[in-house]
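In what follows, chains carry the letters A, B, and so on, assigned in the order in which the sequence lines appear, proteins first and then strands, with residues in each chain numbered from 1. Worth saying up front: this structure is predicted, and the values here are computed from it rather than measured.
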Amino acid sequence: MLRTHTCGELGELNVGNVVTLCGWVDSYRDHGGGLFVDLRDRYGLTQVVFNPPDTAPGVIELSKTVRAEYVLKVTGVVAARPEGMANPKLSTGKIELRATALEILNKSLTPPVSPNANAQDLPGEDLRLKHRYLDLRRPELQKVLIMRDRVVKGMRDYFAQQQFIDVETPCLGRSTPEGARDYLVPSRVHHGSFYALPQSPQLYKQILMIAGYDRYVQVARCFRDEDLRADRQPEFTQLDVEMSFVDSDDVMGIIDGLAAKLAKEELGIELTLPLPRITYDEAMERFGHDAPDLRFGAEIVDLSDLAPQSEFGVFKAVVEGGGKVRAINVPKGGEFYSRRGIDGLTEFVKGFGAKGLAWFKCEEDGKLNSTIAKFFSPELLATMATRLGSQPGDLVLFSADNWEATCKVLHALRTKVGREMKLYDPQAMHFSWVVEFPMFAKDEESGHWAAMHHPFTAPLDEHVSLLDTDPGKMRAKAYDLVINGSEAGGGTIRIHDSEVQSKVFALLGIDEATQQERFGFLLDALQYGAPPHGGIALGVDRWIMLFGRLESIRDCIAFPKTQKASDLMTDAPGRVDARQLRDLAIKLVE
RNA sequence: GGCGCUGUAGCUCAAUUGGUUAGAGCACUGGACUGUCGAUCCAGAGGUUGCGGGUUCGAGCCCCGUCAGCGUCGCCA
């Protein structure tokens, strides 16, 4: 080792020791006679002093050539700082290293990204991604990656203690056209054939259950070639779990324990178990979304029965057309949002397909201030206000449309006002389950039924018979874990009954030949003694993002990609040689 | 694919209604300084205003296109 200690561990107990530190120059202060260097590594900062008489003139001369991000090896004596010179901002602030020897291990160009920059001087993200090695030197980012290491290790330990086995599954697999777009890998040996990178190890883990590995876990990289968002990357990490001889409660119970352990260890939060559960139907009715943020209220209230009693044409027309009039009551929203602010909300909902935004401000005298108040009788307004629970100063926001559209708009509004008005404690961490998702959803374009989760999802036992009569009413043994309104994981109990499986395929319009071609291996395996089984996958990146209270998933991934899925550091994806294409029998068009 | 925001010195930003030679802080270079801690002080250097076109007597600013980054809708079983 070139060093005897790290830059974060020396203290008063080491005074008098001769030590050697290695690290990067975080900053330097040249005083003419002597020079101070704050030396940084991932453990901390230590002040190094190059000052006579401790430091020889030649060493001082060399020290004056150091610049930001030079890599130094410094030997010296640990000394208590002079009276009144301690720096309370540093954990090592009571001591300093009086240098006797200096070796410049490496120089650095002037860094375009300063690891010690404060938030307001932080360079643009494109530059940080291009010089990611500099960005990753920032203590904030190091803290996150170190936390990530701890959390993932905590996950692995937790499952290992409960007899789960970590089994690796292939990255080169078979494309299944359902779901997200696949990343494809051309085969050199089989011209015209392609592997697909896994969107998740779903089918493999089911095979492992059939193979008798009744408790499986894997930290698995997954790939989806879809457009990106602040919380989505083209490759991401799932904590993938599958268990045999279980029902929904067993899987959720295991994850409850994991959540409690990690929340306590990382956040110091005691979760009450079992974690709260609401059904999908209830989530949609009360919050308009299948991953509601339960940190605050402002729940959706259905006013479809009252609204048409007004003279407001829009409301009447929507309800007569089979639509809904629903609203949220925003506490103190009338004080928070000016008319101009409400105009902003109106523009906002137009982005979600709404034609406009009807609203009421509740005044102190019990009256309602609104451009549409004149269409409502005082009695009707009072009835609506009562149902909404409105208090003076509140703001009521309406959505009148088909049920799905009101969900979308009101969820978007609720989320936006919740964030803007800080309706919740930013430190709060709310875990909950959303259960009993629909088995099927009608595809708008084709009119065909599509699996809401995947075609192997088991229905609730009491809903099996609905397969023949009313598939839209069927609910699944499916459960999503929601943290602060963010989908942090999801899973299902799988179908292990071949008769039910066939009926599901039939409903989805997947004929026997297609079944065999796409999932033949699984359908075969299911006929050789498949145990009842189910599992879940947790979004590791999102957990880290939430635990670290980060705004972007890119801030918890060492080498993330941009919105267009490029890596600005390596310039991936890149062009390849004609030779490589020839091997693969691929010709570029245009 | 749609909508929106951003792009000015190495970095973070400013530049009045379209108007003289595009400024500041940090970083950088040279100098001063025996205790600083984002050191301080003096001096200096540093610009194809992302790129291409247009309007105008005149464009960093207006218009069109394009590239890149970000946010978002669609998309993500």
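- Each of A:V349, A:I328, A:T346, A:V409 was checked for a side chain to side chain contact (heavy atoms under 4.5 Å, CB included) with A:L397, and the lone residue meeting it is A:I328.
- Nearest nucleotide to the A:K564 side chain, out of B:rA68, B:rG35, B:rC75: B:rA68.
- When the C1' atom is used for both B:rA9 and B:rG47, the distance is 6 Å, rounded to whole Å.
- Annotation: A:F36 is in aromatic contact with A:H31 [ring centroid separation under 6.0 Å].
- Nucleotides B:rA22 and B:rU49 have their C1' atoms positioned 8 Å apart, rounded to a whole Å.
- Taking the six-membered ring for Trp and thresholds of 30 and 60 degrees, A:Y183 and A:F223 have ring planes more than 60 degrees apart, a perpendicular arrangement.
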Letter per nucleotide, 5' to 3', of nucleotides 28-33 of chain B [B base touched, S only sugar-phosphate touched, - untouched; heavy atoms, 4.0 Å]
SS---B
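- If you take CD of A:E551 and C1' of B:rU72, they are 15 Å apart, rounded to a whole angstrom.
- Ring orientation note: the planes of A:H454 and A:F456 are tilted relative to one another, at an angle of 30° to 60°.
- Taking both residues in full, the closest heavy atoms of A:E242 and A:H533 are given as OE2-CD2, 3.2 Å, listed atom of the first, atom of the second, then distance.
- Nucleotides B:rC13 and B:rU56 have their C1' atoms positioned 29 Å apart, rounded to a whole Å.
- Checking each of A:V19, A:V49, A:N17 against A:L97 for a side chain to side chain contact (heavy atoms under 4.5 Å, CB included) leaves exactly one that passes, namely A:V19.
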